[in-house]
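Within every chain, numbering begins at 1; the chains are lettered A, B, ... in the order of the sequence lines, protein sequences first and strands thereafter.
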Amino acid sequence: MNFIPPHSRREFLRIASAGALGASLSGWLNVLAARAAESKVKHKSCILLWMDGGPSHKDTFDLKPGTADGGEFKPIKTSADGVEISEHFPKLAQLMNHGAIIRGMSTQEGAHGRAKVYLHTGYKEGIGGLVYPSLGSIVSKELGDPNFPLPNFVTIGPRSYGAGFLGPKHQPLDVADPARGVESLRPLVNESQFQNRTGLLEDMEAGFYKQYQGTAINDHRTTYQRAIRLMECKEAKAFDLALEPESGKKLYFPNQPAQSSEPARKGGGNNNNNKFAESCLLARRLIEVGIPFVEVTLGGWDTHQNNFSRVKQLSGIVDQGLSALINDLKDRGLLDSTLVIWMGEFGRTPKINNRQGANGEPGRDHYPRAWSTVFFGGGIKGGQVIGKTDAEGATVVDRPVPVIDYMATICSILGIDYNKQNETPIGRPIRVVEKGANPIKELL
Amino acid sequence: MLSKPSCCGILLVTAMFFGVASVRADDTPAEAKAKAKLLAQQKAEAEKSKRDEGKNTSASIAIRVVMSAAANSANVVKRKVQTEKPKTAEELKKEAEAKRIEEEKKAAQAKAAEAMLKERLAKMPTAPLTKKIDEAIAKKLEEEKLPASPKADDAEFLRRVYLDLTGVIPNVEKTKAFLDDKDPNKRAKLIDELLASPVFGKHEGDVWTKLMFQRLTENRGIRVDPLREWLEDRFVQGESWDKIVTGLLTATGTQEENGASTYFLAALSADKMTDSISRLFLGVKIECAQCHNHPFVSYKQNDYWALAAFFMKVRLDGNPKNPNPKGRVPSIVEISATQGKGVARQKNLPEAAKFLPPKFLKGEQANVEDKEPLRPVFAKWLTEKENPYFGRAWANRVWGQLFGVGIINPIDDMHEERVPSHPELLDELAKVFVAQDFDVRFLYRAICNSETYQRTSIPVAGNEADRTYFSHMPIKVLTAEQLYDSLNAVVSVANLGREIPKDKAAAFAAAQKRGALTARDQFVAFFDAGETQAISYESGIPQVLRLMNSPQYARGASLVAQNLTRGLAKDQAIEKLYLTAFSRRPTSAEMEKMTKYVDDHPTDGFGDILWVLLNSSEFALNR
């Protein structure tokens, strides 16, 4: 029964991936076979690297050396002709031929809460009394397979924005700590007892809903159904970073000893080098099994004080994690189908303020009028800069990009019809992106 | 006789939940060492408590289960423990003794307050307002041609009023007594009993603490419990809302001296104070006017900063990120002048900040000297009976708390463009509340006694789609706090058949005083969906996974079920589980189904049933 005919390896794999052979294959073959099956993913995917707090554009991707408030960082040349970025992104500089910098972001919200909602959803908070879906929920709705056993939207790090009127089916699964994966994924009782319990639960839920109706009951029930499905599916292994081979880990943590099964870390959030790199690695694993949208948060960009030392440190974290991610996606043939976005909620003031921090260094304040975001992969035309700010980085002088244009651009790259109208629970038609959007054609 | 677990009980359970460390492979050597030490201490403690506890084996299993479950939540505590000097046994004993005396004093005060409040409630003239509520709702239902759902049965009412007024489900004894009581006035009696009880005051304190204290990076290190205790005391003592708010707004000193100063310590710049104060006490969100003129409403940027001017003189003494017990403890002061030489401006103000003379919201300029403290002037304006905002903000919030939706929504964003569902009713509620000298219990009593509040949440033909006119009670989602307290009222030390060792409670209280996060804080942080509507279910897959699979609730359900059903006949056992988790008896169809289930699954059938009840919509929601 275990007789393997002397076919070529390619032929063998084809048969293996088609499921013609039993489960008795050796380990490495199983992995390869699984990968052949995984490449069935048809839709594009997106990894949003959310830079929480609003990164200073003048100290990252839109440097103004030699001007009064230009700051202390120097620009460096990149692999894209004529494109220069901060000296603290040396690895990323080698990959700018895959990326495009949008230097003309021009939005209107300057307070964190409202700006985060605006840049996540494309709608100003509270407009029309609705809660709007965030980008991940839009992608989950438009690109996600409803029968996919995993959630179509995962956030890594602190909680982000949710599904709004699209409902809990499109709520993100939050992974608080990438090294821990999804908590409580296994039942404490044996499988048959767990099935008895969930069977009885479903029975009760149906009865209660029949009597009381109410959307909250239905939402509760749906959430349980999704959680139970997640527990039962084999793709859930993608959440376990410990299963990543050493070669993969090495790419993200080059300075770690090879035998370390989990990278060491200190502090909370994603606000340290390894945590962010871990999150990027987890994001790649999730994209690979077919989850269309993963959001990773890196906090600490609200540099009212000590701007330069903090931006330098954060840039190093980004440089390591993001360059590893791009190289990894490239090696796996996933870069063209995966859009990687680097963005925060706004930029920072062109002027350096006079708020001396603890070690006597000033900062920059919130600034939504002119700022930068960066795209990599996803099939865009890389190696370019879109738009331009004036000498101070204070005003957009070429191709201003308001939020609706930005959202429409992302939708277009991912293959989502941004003019489509979705209905709210009470039947109000709402566009994916507000009317009048004008996507950036140069990228497509 | 009330069902909320005694203070001590909560402390103990939480102490067990969080006081456990685990050593991880990735710990640094120092961390691992510290943890190992802690672990050894805890092990010794656990052994000791096991010895103390005697022969109750199922309970000791439960404790171990609970302890291993807490391993992931130990990190926060671990850091605290490392930085603290270990206290001597003598010191701990002294602390525990002081705490005990303090608690006894408080308990005596609460008892006296309860007696006083009972008298006050008995004479409280709420009946005319109750009538007006029902008339206003009925009139609108008629206009909208919506049929009203019938009165809720006793069990539905009981669970609802307990969750709304005390934040937790009733216990089995209370449930049975109420359901079997033949007194036609039993609902009104229960409402008064709950409103007079300290548990109502504590619940209000909990609700308002959450609204008043937003955890931000700049206030890490500020403890939240002094504010909670301060508020609880005021609500328990029956203080009126205008006095409570005045106390908050004019507070000075350290947290130790005056718990109310926490409100300002947590929001340390004039703009944050202005945002919070206008939302909570004026019922308006004017924060958008911070940077620009409000898009819908007539609030201008200058209105915002003229209001903020009242809080520009508040200053912090000490460092809120790192309070040093030996150095300056963070404290709130109000300086004498905002202008002049050597007067530094408040830190952390946004770029758009303007410095204007103080002016009341849409009112006249305040007539004040620069040297005068400004907050008392503002507090006086705010709590004047003529103030059009203060009473309305309270009325709409109380309505929203009881019905899940306000008469205007969002409940703290009342402005000209938002159409109230029942404008005259809101005016009336506000008017009566003010006329009754801002008595906190007045509107609760008037509303809870109304037919409108006591309607079932089961829709009838023709009113299923109504979300606005209160034709049936909206189904509310339990807040993270209500869910935690209710789950732990079921999976409780008492229901596990265990006594409460006093030394544990004292050690836990000491840890909390040092600012450690409790298991409840951690649960709330994990389950809290932020500012969402009380009627929408927002928990996601991770939360649900924890409810289904965490040892404290999954294994806990089995252990509690075993203990509760020991020696009972099958139908009695099933009834007891329903009374414990659902505060009602099973229907005959349910009884039949569950009996069959237990027959088919003799090993852990009761455990399965309790697990199902705890994970059901009926438990997670307030019907």
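- Taking 4.5 Å as the limit, some side-chain heavy atom of A:Leu200 sits within range of a side-chain heavy atom of B:Met594.
- Here the CG-CD1 distance, from A:Asn196 to B:Ile609, works out to 11.5 Å after rounding to the nearest 0.5 Å.
- The candidate from B:Met548, B:Lys476, B:Arg467 with the greatest count of non-hydrogen atom pairs under 4.5 Å with chain A is B:Met548.
- With a 4.5 angstrom heavy-atom cutoff, A:Gln211 touches chain B via backbone and side-chain atoms both.
- Between chain B and the options A:Val182, A:Asp174, A:Leu230, heavy-atom pairs under 4.5 Å are most frequent for A:Asp174.
- Residues B:Leu613 and A:Met204 are in side-chain contact: their nearest non-hydrogen atoms beyond the backbone lie under 4.5 Å apart.
- Neither the backbone nor the side chain of B:Asp600 comes within contact range of chain A, judged by heavy atoms closer than 4.5 Å.
- Using a 4.5 Å cut-off between heavy atoms, B:Leu621 contacts chain A through its side chain alone, with no backbone atom that close.
- Within the 4.5 Å cutoff, no side-chain heavy atoms of A:Leu188 are placed close to those of B:Trp611.
- Rounded to the nearest 0.5 Å, atoms CG (B:Leu545) and CG (A:Leu173) are 7.5 Å apart.
- A pairwise comparison of heavy atoms in B:Asn615 and A:Leu201 identifies O-CD1, 3.6 Å as the closest pair.
- Chain A forms the most heavy-atom pairs under 4.5 Å with one residue out of B:Glu590, B:His472, B:Lys593, and that residue is B:Lys593.
- In this structure, the side chains of B:Glu618 and A:Tyr212 stay at 4.5 Å or more apart for every pair of heavy atoms.
- Looking at A:Phe194 and B:Asn549, their side chains come closer than 4.5 Å, going by heavy atoms from C-beta outward.
- Side-chain contact check for B:Asp604 versus A:Arg197: some heavy-atom pair is nearer than 4.5 Å.
- By the neighbour-count criterion of 12 heavy atoms within 6.0 Å, atom CD of A:Glu232 is densely surrounded, having more than that number from other residues, nucleotides or ligands.
- Distance OG/A:Ser192 to NE2/B:His601: 8.0 Å, rounded to 0.5 Å.
- In this structure, the separation between CD on A:Gln213 and OG on B:Ser457 is 11.0 Å, given to the nearest 0.5 Å.
- Looking at A:Ile217 and B:Tyr537, their side chains never come closer than 4.5 Å, going by heavy atoms from C-beta outward.
- Atom CG of residue A:Asp203 and atom OG of residue B:Ser616 lie 12.5 Å apart, to the nearest 0.5 angstrom.
- The environment of A:Glu191 atom CD is sparse: at most 12 non-hydrogen atoms of other residues, nucleotides or ligands sit within 6.0 angstrom.
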